[in-house]
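Every chain is numbered from 1, with letters handed out A, B, ... down the list of sequences.
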Amino acid sequence: MGSAVGKLVAGMLKSEDVLKGLTKPQREAATHIDGPLLVLAGAGSGKTRTITRRVAFMVSCGIPAQNILAITFTNKAAGEMRERIRALLGGAGAQGRGVNVLTFHALGARIVRDYADLLNLPASFTIFDTADQLKLIKQALSDCGLSPENYPPQAIRSAISGAKNKLQTPGLYTTGNTDHFARCVARVYSRYETLLGAAKGVDFDDLLLKVAILLRDNKEIRTQLQDRFQYLLIDEYQDTNHAQFIIAHMLAMDHKNICATGDPDQSIYGWRGANLNNILEFEQFFPNAKVVYLEQNYRSTKNILAAASALIANNIKRKKKDLWTENEQGPLIDIITCRDEAQEAEQIVERVQQAHDQQKIFWGDMAVFYRVNSLSRALEDAFMKAGIPYQVARGTEFYGRKEIRDVIAYMKVVVNVADNVSLERIANVPPRAMTEANLDFIRQAAEQRGVSMLQAMQQLDTTPIPSLTRQGGSGAANLGRIFLALRQWVYGTTPPPAEVTEEPSEADLFQNINVDELMESSEEYNPGVHDEIATETAPAKPRLTMKAILERIYTESGLEAMHTKQRQRDGETDDDPLANVNELINVAAEFDAQNTDGTLDDFLAQITLASDVDRLQDAGGAVTLMTLHAAKGLEFPWVGIVGWEDGLLPHMRALMNGGNETELEEERRLAFVGITRAMKHLLLTNARCRMIRGETQRTIASQFLRELPKETFNHLDLAGEEPLGSRGGSGRSESFRSGWQQRFGGASSGPSSSSGSSSSSSDSSENSGHRFRRGMMVRHAQFGIGRIEHLEKAGNQTRTVVTFNTHGRKTLILEYAHLEPLGS
DNA sequence: TGGAATTGGCTTTTT
DNA sequence: GCCAATTCCA
């Protein structure tokens, strides 16, 4: 059937039309359909354009759209690609809809659900986000008799996440790690898996890990999925981690129709396991791969591009690449040094206003980026004050709110009665006398009986839990009834009686899939299989909309009453729970409009994998504020980037431990990504003083600013005289510009002369005979007063060991530590 | 028992 | 400075 439809479409969609306007290399990439292809696409080189055309070209050649799978990293990217493909296919729109454009995680969720039975999961499993995960880890810690003080849940979480990214099961993890901490992690990991399994939960990493293992160890399934996805396209390949790498390779193993696109210079997710080698060594994994380089930039001015190129050239571990453009030279980059973050924000706002009024740039065409979310606050204040429309993409601004998480938790329990984490979250919201102690009793009883906590609550009249307080008992029974009624209403049936919930052992969860078992259950892969399951539980009823379900849950749970009461008590506040939940209901309505056959678990999966950034998609008409990470893949005519300071733009983390070169290079790539988002106007700012967790600290201009060629920017210093004491003053004011160039000038490396006997610590440390000596007393903004024990030259930097009175011994890099000498 | 008030701890980026 | 966890009070 594929070919018939294909022909039809081919008739409507001319291959030449699809390729019209592509440059030679773009065309080369777009027309290479069979066999491995690597597109190394520099920033702004028209990559998205090329790959969407490529997909259209494939369809025009008669390849059935549903056999094409395009994988992106963010929902936003997926949405945009879907949109653009649809637009290209125009009249053949029906086909366009058939192209699978998904994020890795969404793909994972789909496959895990389709093959849930093979993975020991019910189709109604729920996805646990990072917060759920942390709760479970705390539980696991206490079960293992370890205290969260000595074993920070965060650290354990990221260790487990790292292990999962590398496809290490608890068993494998144990064998590979022998130090004390790792052994504890292994124990917690194992317990965590058990708890997760009992709750029928799957964490973000599982969505990749389970699929990777399934594909790796199960030939049958692999073949099915390879057949289904005969053409693979993976965007941002430089950001893939090991699990994603395995998924890609397993899917492409036989047909080798894999097109990877990306840019090693834009790899910014090393911290969550991305492995740059996946893209660097692509040709070794696929020896016949065709490689196309896209190096002409269509986005930025010559000037911006020159600055970006010079910056990234400082990375050693890098394939050299020359971006060029035929665009105009463009205006100089503006660099403004401000007094503090308030002035910085004012400056940004002022320039934004100017760009809008004088150059007629739309609000929606401007964006401001920062390294960490906390920097948005000052900006927001300033935008608010100036009355300029803006929107902030903050990670958990919306989906992280209590009231939203509460409503979602209710939904999760409706779908997945075993989800103890969500149940515990809302057990006492609104208050039902479900104290910690009562919950403990219920948890214990449930575990003993091998049922979920909700079931234990629902069995209370037949099997009471004696240790519960009277109110606790009735509260629990009440809660049980609420969910009974809700499930009845949603699914039209009472929940299946005491579904088997014996805890699967770790071995069960991770066992390599048994091939014999597979052969038995080797029905044809049916993409609709899940829908069938869903209809089974929801027979012959008019389909409920998510909006209706959500509203019902909101009311029945008692949350609505609680929020209404709150509002009456507090009056209208700017973050009103009622209004926020209404916003969520809007999201549900939106979902209903776009997925006429979507189920509650589809909706839940979508919102747990969604982030706030996704909700901004086409909210034009406002200046966008976001992190540098979130900015990847976007472009704006006008861009501002704040916080160019050591410790912030090369983030502290990268500067610690003697300045880890790998991490520093990732920070540089992040800066590179930021700069290359700009089309015409670029404004970079730093502040002399910045409030960091409640304390005002002096800062040093980012070392990255030094790496920008001086002919590309114009520097303006508004900080004026250096604030107060300690640093001998020396107002640099407008003469700072030359001072700047002396001190930071040019991209050349050598420690640049410097005379300034006094002042800033960067000066002093540049001279080999800096003013710090062993035995000297110093002050550190954070650690207080201490004595220098040791000094040691390490490359361009000086490593120093200081024993602080209150914080003990620390190893610091003199250049970044901002130590203040106090005399000896 | 629930809600308010206070303390302590900690911060990168996101699916 | 903000948030979560803890303590305190009605």
- Query: Is the shortest side-chain N/O distance from K138(A) to OP1 or OP2 of dA5(C) below 4.0 Å?
  - Reply: yes

- Query: What nucleic acid atoms does R470(A) come within less than 4.0 Å of, heavy atoms only: base, sugar-phosphate, or nothing?
  - Reply: nothing

- Query: Can you tell me how far C1' of dG1(C) sits from CD of E341(A), to the nearest Å?
  - Reply: 11 Å

- Is the base of dT14(B) touched by the side chain of R272(A) through a donor-acceptor pair closer than 3.5 angstrom? yes

- Take the protein atom CZ of R432(A) and the nucleotide atom P of dG3(B), then report the distance between them rounded to whole Å. 12 Å

- Closest to the side chain of Y269(A), out of dA5(C), dT14(B), dT1(B), is dT14(B)

- Message: How many whole angstroms separate atom CG of D235(A) from atom C1' of dT15(B)?
- Response: 15 Å

- Query: Do Y237(A) and Q244(A) come close enough that some side-chain heavy atom pair is under 4.5 Å?
  - Reply: no

- Among dT15(B), dA4(C), dT13(B), the nucleotide that comes nearest once only the side chain of K402(A) is considered: dA4(C)

- Out of dT14(B), dC2(C), dT11(B), whichever nucleotide has its closest atom nearest the side chain of R693(A): dT11(B)

- Task: Establish, from distance only, whether the side-chain atoms of S702(A) and N686(A) form a donor-acceptor pair under 3.5 Å.
- Result: no

- Query: Once you round it to whole Å, what is the distance between P of dT13(B) and CE of M652(A)?
  - Reply: 15 Å

- Yes or no on side-chain contact (heavy atoms from CB on, under 4.5 Å) for L664(A) and F704(A), after CA distance, side-chain angles and deciding distance? CA-CA 10 Å; L664(A) 188 66; F704(A) 295 155; 4.3 Å; yes

- Got D340(A) and T696(A) here, is their nearest side-chain heavy-atom distance under 4.5 Å? no

- Look at all strands and tell whether K632(A) reaches a base, only sugar-phosphate, or nothing, counting heavy atoms closer than 4.0 Å. nothing

- Would you kindly give the CG-to-P distance between L134(A) and dA4(C), to the nearest whole Å? 12 Å

- Item | Whole-Å gap separating C1' (dT14(B)) and CG (N165(A)) | 12 Å

- Rounded to the Å, how far apart are N373(A) CG and dT11(B) P? 14 Å

- Message: So if I take every side-chain heavy atom of A433(A) and compare against dT1(B), dT13(B), dT15(B), which nucleotide ends up nearest?
- Response: dT1(B)

- Query: So which nucleotide from dT15(B), dG1(C), dT1(B) ends up closest to the side chain of T130(A)?
  - Reply: dT15(B)

- Given atom OH of Y399(A) and atom C1' of dT14(B), what is their separation to the nearest angstrom? 15 Å

- So does S374(A) get a side-chain nitrogen or oxygen closer than 4.0 Å to the phosphate oxygens (OP1/OP2) of dC2(C)? no

- Message: Can you confirm if the aromatic rings of H105(A) and F73(A) lie within a centre distance of less than 6.0 Å?
- Response: no

- Closest-nucleotide 5' rank along DNA chain B - winner of P431(A) and D205(A): P431(A)

- Note on the structure: Looking only at dG2(B), dT15(B), dC2(C), the nucleotide nearest the T435(A) side chain is dG2(B)

- Message: Has K412(A) got a side-chain atom pairing as donor or acceptor with I127(A)'s backbone, closer than 3.5 angstrom?
- Response: yes

- Message: If stacking means aromatic ring centre less than 5.5 angstrom from the base's six-membered ring centre, planes under 30°, is F104(A) stacked on dT15(B)?
- Response: no

